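As the structure is a computational prediction, the values presented were derived from the model and not from experiment. Counting begins at 1 with the first residue of the sequence.
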Amino acid sequence: MVKRYSLFSFFGLIVIISFICFVSTPLSLAIPALQQTSSPPPASEISSSPDVYYITETANIVPTNEKPEYDIFTNKEREERQLSTVLPIIEPYYESKRVYLTFDDGPDPENTPLVLAILKENNIKATFFLVGTEIEKYPDIVKQIFMEGHAIGNHTYNHTYRDLYQSPTTYIEQLNRNDTIIKNILTVRPRISRAPGGSAGHFTKEYWSALKMQGYIEVGWNISSGDASAAKANDILNNIMYQTTKNTFLWDHAIVLLHDGRGHAESVKALPSVIKFYKEQGFQFHVINAKTPPAW
């Protein structure tokens with residue numbers, strides 16, 4: 001009787017082991033397939049991310065009013081997945097005394113960290129339009145901008161006019177190239193962009209059409225600091241104060257152009273006074289996103 005029980009136990013053990021092997025084999029084969037996929041991680045799995053809104057395959061965009069917005073897909077990835085690249089029409093959001101500080105041409109190893117420190121000290125967020133060639137040199141600064149909750153915008157790959165403005169195709173190619181660089185660093189990429197030198201005098205209707213089809217939001221400015229010249233800090237402050245005070249109709253969407261790229265130390269010097277001016281006037285600081293009104 002004991003021998004018969006042992007024999008049944010032996011065969012039972014064999015059946016159990018066989019069943020486990022049969023069930024587990026498909027799962028073990030599926031794991032490498034999951035690891036090899038090229039699909040980006042869902043927004044919920046982006047580790048240690050700041051408070052931003054992620055555009056996904058299921059929600060092309062949701063107005064957030066306050067947060068920076070990033071897409072988990074590049075346009076190429078959207079096309080491969082047969083997802084729309086075109087953004088829906090978003091009603092702009094206006095609010096009394098609303099200012100957007102924007103910085104062009106970075107990241108720069110000297111100026112950008114100083115700008116970030118000033119913004120952090122004042123507990124405000126800004127928007128940085130970054131150039132691809134500089135992003136490649138200083139990816140850690142890009143990560144810092146992102147992690148500190150500022151908005152990042154696409155300022156083309158090389159900022160070289162003769163390359164950019166050959167045609168709408170060459171312009172879009174530079175935006176797409178820069179998006180890929182940004183996404184390789186952050187796992188996401190922006191939908192906002194700014195034309196070097198501004199769209200006026202550079203864009204034809206074909207450029208605007210191409211931007212729309214690719215889902216880019218072109219961001220201009222309506223208050224220029226004048227820091228693209230050899231202006232000193234006090235001149236930069238006076239330019240901003242004069243334009244802001246004069247143009248009260250811009251107070252619900254004041255978009256200020258500053259630079260944090262190489263050679264703009266005076267802009268950094270002026271920044272604390274610029275922030276103080278807007279705070280004293282009762283302005284609230286915001287980042288650029290899909291709800292930001294056009295500059296003009």
request  = Indicate yes or no: at least one non-hydrogen side-chain atom of Asp104 is less than 4.5 angstrom from one of Arg194.
outcome  = yes

message = Which heavy atom of Ile141 sits nearest to which heavy atom of Pro107, and what is that distance?
response = CG2-CB, 3.7 Å

ask   = How many angstroms lie between CG in Leu116 and CG in Asp260, if you round to the nearest 0.5 Å?
value = 8.0 Å

query = Are more than 12 heavy atoms from other residues, nucleotides or ligands located less than 6.0 Å from atom NZ of Lys276?
reply = no

task = Using atom types as modelled and distance alone, determine if a side-chain donor or acceptor of Ser193 lies under 3.5 Å from a backbone N or O of Asn154.
result = no

message = Rounded at 0.5 Å granularity, tell me how far CG in Leu237 sits from CZ in Phe277.
response = 8.0 Å

key: Validation row: Val256, Thr102 side chains within 4.5 angstrom (heavy atoms)   = no

inquiry  = In the structure I gave you, are the side-chain heavy atoms of Glu206 and Thr204 within less than 4.5 Å of one another anywhere?
reply    = yes

ask   = Where the side chain of Thr292 meets the backbone of Asn289, is there a donor-acceptor pair that is under 3.5 Å apart?
value = yes

ask   = For Glu77, does its backbone N or O pair with a side-chain atom of Thr74 as donor and acceptor, under 3.5 Å?
value = yes

request  = Please say whether more than 12 non-hydrogen atoms of neighbouring residues, nucleotides or ligands are located less than 6.0 Å from CD in Glu136.
outcome  = yes

ask   = So, does Gln243 use its side chain to make a donor-acceptor pair with the main chain of Asn239 at under 3.5 Å?
value = yes

Close side-chain approach of Leu130 and His155, heavy atoms under 4.5 Å = no

task = State whether Asp71 and Lys183 are salt-bridged, where the test is any N-O pair (Lys NZ or Arg NE/NH1/NH2 against Asp/Glu carboxylate O) under 4.0 Å.
result = no

query = Can you find a heavy atom in the side chain of Ile275 that is under 4.5 Å from one in the side chain of Phe285?
reply = yes

remark   = Residues joined to Tyr216 in its hydrophobic cluster, side chain to side chain under 4.5 Å directly or through other members, sorted by chain and number, are Tyr161, Leu164, Tyr165, Tyr171, Ile172, Leu175, Phe203, Tyr207, Trp208, Leu211

Salt-bridge contact Lys76-Glu79 (side-chain N to carboxylate O under 4.0 Å) = no

key: Spacing of NE2 belonging to His286 relative to NE2 belonging to His253, to within rounding of 0.5 Å   = 13.5 Å

inquiry  = I'd like to know if the side chain of Glu266 and the backbone of Lys232 have a donor-acceptor N/O pair within less than 3.5 Å.
reply    = no

key: Stepwise salt bridge (charged side-chain N to carboxylate O under 4.0 Å, His left out) test for Glu57 and Arg78   = CA-CA 8 Å; Glu57 69 279 9; Arg78 284 191 165 272; over 6 Å; no

ask   = What residues, two or more places apart in sequence or in another chain, satisfy salt bridge (Lys or Arg N to Asp or Glu O under 4.0 Å) together with Asp227?
value = none

ask   = What are the two closest heavy atoms between Leu250 and Ala295, and how far apart are they?
value = CD2-O, 4.1 Å

inquiry  = Using modelled atom types and a 3.5 Å cut-off, is there a donor and acceptor pairing between side-chain atoms of Ser224 and backbone atoms of Leu257?
reply    = no

request  = Measure from the side-chain N and O atoms of Asp252 to the backbone N and O of Tyr94, and report whether any donor-acceptor pair falls under 3.5 Å.
outcome  = no

key: Contact check, side chains of Val115 and Phe128, non-hydrogen atoms, under 4.5 Å   = yes

query = Does Thr170 use its side chain to pair, donor to acceptor, with the backbone of Ser167 at less than 3.5 Å?
reply = yes

query = Salt bridge or not for Glu280 and Lys97, using N-O below 4.0 Å?
reply = no

task = Output yes when a side-chain donor or acceptor of Trp251 lies under 3.5 Å from a complementary backbone atom of Thr244, and no otherwise.
result = yes

ask   = Short question: side chain of Ser84, backbone of Val86 - any donor-acceptor pair under 3.5 Å?
value = yes

remark   = d(His150 NE2, Lys120 NZ) to nearest 0.5 Å is 9.0 Å

ask   = Going only through I, L, V, M, F, W and Y residues with side-chain contacts under 4.5 Å, is there a path from Ile223 to Ile124?
value = yes

note = Distance col, row Phe73:CZ vs Leu83:CG, nearest 0.5 angstrom, shows 6.0 Å

note = With Arg189 as partner, the option from Asn75, Asn176, Asn184 fulfilling side chain to side chain donor-acceptor pair (under 3.5 Å) is Asn75

request  = Report yes if some heavy atom in the side chain of Ile118 is under 4.5 Å from a heavy atom in the side chain of Val268; otherwise report no.
outcome  = yes

query = Less than 4.0 Å between a side-chain N and a carboxylate O, is that true for Lys291 and Glu91?
reply = no

request  = Indicate yes or no: at least one non-hydrogen side-chain atom of Tyr138 is less than 4.5 angstrom from one of Asp108.
outcome  = no

message = Cation-pi check for Tyr157 against Arg177: NZ or CZ below 6.0 Å from the six-membered ring centre and within 45 degrees of the axis, yes or no?
response = yes

